[in-house]
Amino acid sequence: MATSHYKLPSDDTNTWLMKSEPDAYSFDELEKTGRGMWDGVRNYAARNNLRAMRRGDQVLFYHSNIGMEVVGICEVITEHYPDPTAESGDWSVVDVKPLLRLPQTVTLKAIKATPELANIALIKQSRLSVMPVQREEFLKILEMALMVNG
DNA sequence: GCCAACGTTGGC
DNA sequence: GCCAACGTTGGC
């Protein structure tokens with residue numbers, strides 16, 4: 001099955017959530033290329049979160065605007081480096097690779113309806129595009145994605 | 001299409 | 001350094 005090679009994030013790594021509008025960059029696209037550069041972040045808080053990422057950290061891939069759901073998990077495969085798409089300013093990217101397409105997506109609606117996720121940054125800081133996620137929150141979302149029949 | 005939340009800019 | 005004006009994000 002698709003999840004057979006997926007490994008839960010190890011205890012010495014951090015977990016994150018990153019947003020993308022799927023018509024700009026989708027999980028499909030990341031899966032197609034096998035590797036992606038997370039560019040275009042132009043917000044200091046989000047940039048600082050990129051800079052705090054380490055190789056092996058796992059990231060929930062969220063589709064904003066269209067879908068409004070977590071669709072997959074990817075892994076950070078480089079430390080941060082300067083954003084080559086930035087014409088000015090001090091901006092950063094990391095590279096990621098797809099790890100797992102969720103068997104069942106986890107919608108914003110479902111997240112909002114889950115008491116254990118009441119404090120997730122996705123809800124508390126709705127405009128932030130790169131944010132830390134607590135391990136328990138990450139595992140809860142994964143559990144929801146694996147549940148049979150919703 | 002609207003608007004709340006929130007980040008940025010610039011005048012003072 | 002304050003804050004009003006403005007721009008952007010992203011859910012509804």
Side-chain angles (χ1 to χ4, degrees), chain A residues 6 9 13-150:
Chain A
Y6 172 72
T13 62
N14 290 311
T15 48
W16 309 88
L17 182 146
M18 298 201 290
K19 295 178 182 175
S20 183
E21 296 188 35
D23 53 1
Y25 189 71
S26 66
F27 193 72
D28 278 353
E29 214 168 322
L30 178 60
E31 279 197 317
K32 209 168 294 176
T33 55
R35 176 184 184 126
M37 179 179 68
W38 205 274
D39 62 18
V41 169
R42 298 292 182 270
N43 168 283
Y44 291 113
R47 180 203 69 183
N48 292 342
N49 287 332
L50 285 176
R51 290 181 176 181
M53 291 180 178
R54 298 295 175 258
R55 282 193 194 85
D57 285 0
Q58 292 192 17
V59 184
L60 298 170
F61 194 124
Y62 176 82
H63 282 174
S64 60
N65 286 314
I66 301 166
M68 293 186 281
E69 58 193 3
V70 179
V71 295
I73 296 173
C74 52
E75 180 182 330
V76 176
I77 56 173
T78 68
E79 301 289 306
H80 69 88
Y81 59 95
D83 187 340
T85 71
E87 293 178 1
S88 64
D90 185 15
W91 303 109
S92 297
V93 299
V94 297
D95 287 1
V96 297
K97 71 174 182 186
L99 278 190
L100 176 69
R101 170 179 292 275
L102 298 185
Q104 178 172 271
T105 62
V106 179
T107 63
L108 179 63
K109 189 180 172 192
I111 289 169
K112 284 185 167 175
T114 303
E116 297 96 313
L117 299 175
N119 293 315
I120 195 169
L122 182 66
I123 299 171
K124 293 286 177 178
Q125 287 172 271
S126 62
R127 292 183 59 218
L128 191 59
S129 64
V130 180
M131 67 191 78
V133 168
Q134 300 300 312
R135 178 176 304 272
E136 305 77 49
E137 295 168 341
F138 183 98
L139 295 175
K140 182 66 190 176
I141 288 172
L142 183 58
E143 177 196 318
M144 291 161 74
L146 298 174
M147 275 195 302
V148 178
N149 298 324

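Chain letters run A, B, ... following the sequence lines, proteins first and then strands; every chain starts at 1.
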Could you pull out all donor-acceptor pairs under 3.5 Å where a side-chain atom in residues 62-71 of chain A meets a protein atom, sequence neighbours excluded?
unit_1	atom_1	unit_2	atom_2	d
A:His63	NE2	A:Phe27	N	3.2
A:Asn65	ND2	A:Glu21	OE1	3.4
A:Asn65	ND2	A:Glu21	OE2	3.1
A:Glu69	OE1	A:Thr105	OG1	2.9

[X]: salt bridge (charged side-chain N to carboxylate O under 4.0 Å, His left out) partners, not counting sequence neighbours:
X       : answer
A:Glu31 : A:Arg101
A:Asp57 : none
A:Asp23 : none

Stretch residues 39-50 of chain A: residues that reach within less than 4.0 Å of DNA chain B through a heavy atom: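 Going residue by residue through residues 39-50 of chain A, the ones with a heavy atom under 4.0 Å of DNA chain B turn out to be A:Asn43, A:Tyr44.
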
Could you pull out all donor-acceptor pairs under 3.5 Å where a side-chain atom in residues 125-134 of chain A meets a protein atom, sequence neighbours excluded?
none

Base-contact (B) and sugar-phosphate-only (S) positions in nucleotides 6-12 of chain C, heavy-atom cut-off under 4.0 Å, - elsewhere: -BBBBBS

Determine all donor-acceptor pairs shorter than 3.5 Å in which one atom belongs to a side chain in residues 107-120 of chain A; sequence neighbours excluded.
unit_1	atom_1	unit_2	atom_2	d
A:Thr107	OG1	A:Ala110	N	3.0
A:Thr114	OG1	A:Ala110	O	2.7
A:Glu116	OE2	A:Lys140	NZ	3.4

Results of ring-ring contact (aromatic ring centres under 6.0 Å, His included) for A:Tyr81 - residues two or more places apart only: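 Testing A:Tyr81 for ring-ring contact (aromatic ring centres under 6.0 Å, His included), a comparison that skips the adjacent residues, returns none.
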
